[in-house]
Amino acid sequence: MTKKKITGSQAVILSLLEEGVDTIFGYPGGAIMPIYDALYDHDKNVKHILTRHEQGAVHAAEGYARVTGKAGVCFATSGPGATNLITGIADAMIDSTPLVCITGQVASPLLGTDAFQESDVLGISMPITKWSYQITSPEEIPEAIAQAFYIAQTGRPGPVLLDITKDAQFGELDFEYKKCRKIRSYVPEPPIDPFKVKEAADIIDAAKKPLILFGQGVILSRAEEALKAFVEKTGIPAAWTLLGLSALPTDHPLNVGMLGMHGNYGPNLLTNQADVIIAVGMRFDDRVTGKAGTYATNAKVIHLEIDPSEINKIIKADVAVLGNANKTLKMLTDNVKPNQHEEWVEEFRECYRIEDEKIIHNEVFPEKPGLTMGEVIRIAGDKTNHESILVTDVGQHQMVASRYFKFRHPRSNVTSGGLGTMGFGLPASMGAQLGAPDRTVIAVIGDGGFQMTIQELGTIVQNKLPVKIIILNNNFLGMVRQWQQLFFEKRYSFTELQNPDFIAIGKGFGIAGHKVEAREDLESGIQRMIDHQGPYLLEVVIEKEDNVFPMIPTGASVSDIMLEP
């Protein structure tokens with residue numbers, strides 16, 4: 001590229017365009033104003049979404065990243081603008097979501113003086129980013145942005161933060177942009193050891209009761225087809241983590257359901273009967289393992305993982321196969337023998353029959369008077385032929401939606417996993433809709449989490465985003481209330497909500513909607529929402545004290561999974 005003299009702020013925008021950025025989420029302010037001024041001249045090249053809060057911007061960028069696989073980009077000003085990004089950055093870090101966050105900063109001479117709207121965003125963000133860097137001269141901008149995208153999107157993805165002082169934005173440089181292809185000492189993908197692959201294959205071939213556990217690493221490495229081929233060649237039942245959901249179609253005959261605290265009965269109960277566990281792109285977090293000391297006690301563990309720091313962190317691996325899951329799965333598939341484990345798979349089917357009789361059927365086809373979360377999710381999924389993107393907030397509705405929505409395509413489930421961030425759902429649905437404009441996006445949100453980022457209804461209307469929003473309203477912080485009921489003798493300490501008129505608020509923003517309180521109105525109400533051109537807000541009043549089962553109590557073994565209180 002020919003060099004040309006431009007300002008640092010212009011270099012920021014041109015660098016983003018060189019990286020193929022088409023959407024930016026942000027909120028302007030004094031310290032980032034020069035960058036926004038440069039953005040003014042490029043409104044035809046890149047879309048900027050003005051959110052109503054910086055937290056909305058970063059969660060929207062996460063939603064965009066999750067459905068596209070590209071880094072989400074967000075802008076914020078210094079001080080409170082930058083600190084308002086922190087929750088979303090932490091959320092992205094633990095869920096391996098690629099983000100490039102750009103914050104304005106006070107001018108270099110004012111650093112460390114407690115100047116107006118100055119905060120040490122580097123110090124604050126360092127533990128929750130893959131890389132954070134402060135730019136104090138315009139000449140640094142192109143290379144820093146190139147490195148930011150490379151780091152955010154390669155290896156195990158994650159958030160990167162660039163803090164740019166105001167004088168660096170005003171200063172001039174001879175602009176030349178080169179995409180980053182390599183950084184010394186940064187190894188995004190560890191080399192694959194073929195001997196480890198062969199060792200793992202030999203263990204799998206000898207297994208009588210093997211079980212595959214797959215997580216988001218399958219989606220991040222675009223290994224969905226490789227996983228399917230491995231599952232079908234080996235005949236091994238496969239269970240998913242919350243973030244692995246949609247990597248394998250829900251109706252695949254060897255998909256045996258969800259792991260974890262509110263996962264399915266079979267994959268939790270039978271984990272301790274498995275003789276081999278093949279973990280693919282998942283990190284054995286506490287919600288999956290329960291009490292780690294009692295987890296998979298009879299199994300040899302094979303761990304396919306791109307991040308060496310995850311190996312043996314919680315569960316010891318007998319064989320660790322490091323590398324990109326798309327590559328390691330294909331190599332493993334080539335090395336294993338074709339097999340079937342029909343008797344073992346039948347044990348999962350029998351567990352499902354028990355769970356269906358005790359829980360599932362009553363949740364999705366209830367006979368009691370009050371509406372249940374399960375029947376709402378079932379109908380919403382059926383009405384969209386399981387083709388839509390599901391975005392959830394955090395709580396009971398998140399677990400129920402994950403269990404019952406069903407998926408045909410990858411990158412169709414957007415939720416906050418590791419951090420469990422209430423308020424995530426509404427802004428993330430905006431980013432998901434912008435990232436996948438031709439797909440229906442359904443946001444399922446509890447009445448508590450909805451009110452944490454309710455102001456983003458304004459962003460949805462201003463940008464004409466046809467998000468379909470379902471509020472499951474039980475007038476409680478439902479998940480906390482469930483724990484209070486089961487483990488704190490029904491001492492409902494500050495979990496009951498006096499909610500506003502959600503439909504009236506939606507109409508105040510310009511969003512059509514209605515409220516459903518009776519079963520005879522539910523199916524037609526969901527159809528009305530789906531058929532509506534543009535955004536829609538459907539409030540469904542559900543039973544106040546419905547609980548989510550199965551459930552593994554905190555600190556218990558996966559074998560202690562409860563089907564009822």
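For clarity, every value in this text was computed on a predicted model and none was experimentally measured. Throughout, numbering of the chain's residues begins at 1 and tracks the sequence.
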**Q** Identify all side-chain donor-acceptor contacts of residues 241-252 below 3.5 Å with residues at least two apart in sequence or on another chain.
**A**
unit_1: T241; atom_1: OG1; unit_2: G244; atom_2: N; d: 3.1
unit_1: S246; atom_1: OG; unit_2: R411; atom_2: N; d: 3.3
unit_1: S246; atom_1: OG; unit_2: S412; atom_2: N; d: 3.4
unit_1: T250; atom_1: OG1; unit_2: F407; atom_2: N; d: 2.7
unit_1: T250; atom_1: OG1; unit_2: F407; atom_2: O; d: 3.3
unit_1: H252; atom_1: ND1; unit_2: L254; atom_2: N; d: 3.0
unit_1: H252; atom_1: NE2; unit_2: E232; atom_2: OE2; d: 2.8

**Q** Going by heavy atoms in the side chains, are F149 and L16 under 4.5 Å from each other?
**A** yes
**Q** Give, for atom CG of L162 and atom SG of C101, the distance between the pair rounded to the nearest 0.5 Å.
**A** 9.0 Å
**Q** Identify, with sequence neighbours excluded, every residue that meets salt bridge (Lys or Arg N to Asp or Glu O under 4.0 Å) alongside K330.
**A** none
**Q** Within a 6.0 Å radius of atom NZ on K406, are there more than 12 heavy atoms belonging to other residues, nucleotides or ligands?
**A** no
**Q** Provide the full list of side-chain hydrogen bond (donor to acceptor under 3.5 Å, both in side chains) pairs with a residue in residues 257-266, sequence neighbours left out, each pair given once.
**A** N264-E355
**Q** Any non-hydrogen side-chain atom of T440 less than 4.5 Å from a side-chain atom of I389?
**A** no
**Q** Using the side-chain hydrogen bond (donor to acceptor under 3.5 Å, both in side chains) criterion, which residues pair with Q433? Sequence neighbours excluded.
**A** none
**Q** In chain order, what residues pass the ring-ring contact (aromatic ring centres under 6.0 Å, His included) check against H48, with sequence neighbours excluded?
**A** Y36
**Q** So do the side chains of V444 and V391 get within less than 4.5 Å of each other, counting heavy atoms only?
**A** no
**Q** Quick test of your reading: applying salt bridge (Lys or Arg N to Asp or Glu O under 4.0 Å), list the pairs with at least one residue in residues 301-315, sequence neighbours left out, ordered by first then second residue.
**A** R156-D307, R156-E310, E310-K313
**Q** Any side-chain donor-acceptor pair under 3.5 Å between Q147 and Y133?
**A** no
**Q** Would you say that V197 contacts I192 through its side chain, given a criterion of any heavy-atom pair below 4.5 Å between the two side chains?
**A** yes
**Q** For residues 384-402, which residue pairs qualify under salt bridge (Lys or Arg N to Asp or Glu O under 4.0 Å), counting only residues two or more places apart or in two chains?
**A** E387-R408
**Q** Search all heavy atoms of H303 against all heavy atoms of A317 and return the closest pair with its distance.
**A** CB-CB, 4.0 Å
**Q** State, with a plain yes or no, whether a side-chain heavy atom of Y177 is found less than 4.5 Å away from one of L14.
**A** no
**Q** Nearest 0.5 Å please: distance from the CZ atom of F348 over to the CG atom of L270.
**A** 4.5 Å
**Q** Any side-chain heavy-atom pair from D91 and E62 closer than 4.5 angstrom?
**A** yes
**Q** Say whether T234 and N339, considering side chains only, have a donor N or O and an acceptor N or O under 3.5 Å apart.
**A** no
**Q** Using 0.5 Å steps for rounding, measure from the CD atom of Q273 to the CG atom of N298.
**A** 8.5 Å
**Q** Using atom types as modelled, flag every donor-acceptor pair under 3.5 Å from a side chain in residues 277-296 to any protein atom, sequence neighbours excluded.
**A**
unit_1: D285; atom_1: OD2; unit_2: R287; atom_2: N; d: 3.0
unit_1: T294; atom_1: OG1; unit_2: K291; atom_2: O; d: 3.0
unit_1: T294; atom_1: OG1; unit_2: S557; atom_2: OG; d: 3.4

**Q** For S559, run the side chain to side chain donor-acceptor pair (under 3.5 Å) check against N268, T297, N272 and tell me which one passes.
**A** N272
**Q** Atom CZ in F230, atom CD1 in I204: separation rounded to 0.5 Å?
**A** 4.0 Å
**Q** Would you mind reporting whether L472 and V376 have side-chain heavy atoms less than 4.5 Å apart?
**A** yes
**Q** Test of understanding: with side-chain hydrogen bond (donor to acceptor under 3.5 Å, both in side chains), list the residues that count as partners of D334, not counting sequence neighbours.
**A** none
**Q** Do T459 and E456 have side-chain atoms, one donor and one acceptor, less than 3.5 Å apart?
**A** yes
**Q** Taking the side chain as every heavy atom from C-beta outward, state whether S388 and R439 have any atom pair closer than 4.5 Å.
**A** no
**Q** Which residues pass the side-chain hydrogen bond (donor to acceptor under 3.5 Å, both in side chains) test with E342, not counting sequence neighbours?
**A** R349
**Q** Between R403 and E363, is there a side-chain N and carboxylate O pair less than 4.0 Å apart?
**A** no
**Q** If you look only at pairs with a residue in residues 191-215, which of them pass as a side-chain hydrogen bond (donor to acceptor under 3.5 Å, both in side chains), with sequence neighbours excluded?
**A** K198-D202, K209-E347
**Q** What residues form a side-chain hydrogen bond (donor to acceptor under 3.5 Å, both in side chains) with T87, not counting sequence neighbours?
**A** none
**Q** To check you understand the geometry: which heavy-atom pair defines the closest contact between P98 and A152, and what is its length?
**A** CB-O, 3.3 Å
**Q** Have K70 and Y64 got a donor and an acceptor in their side chains that come within less than 3.5 Å?
**A** yes
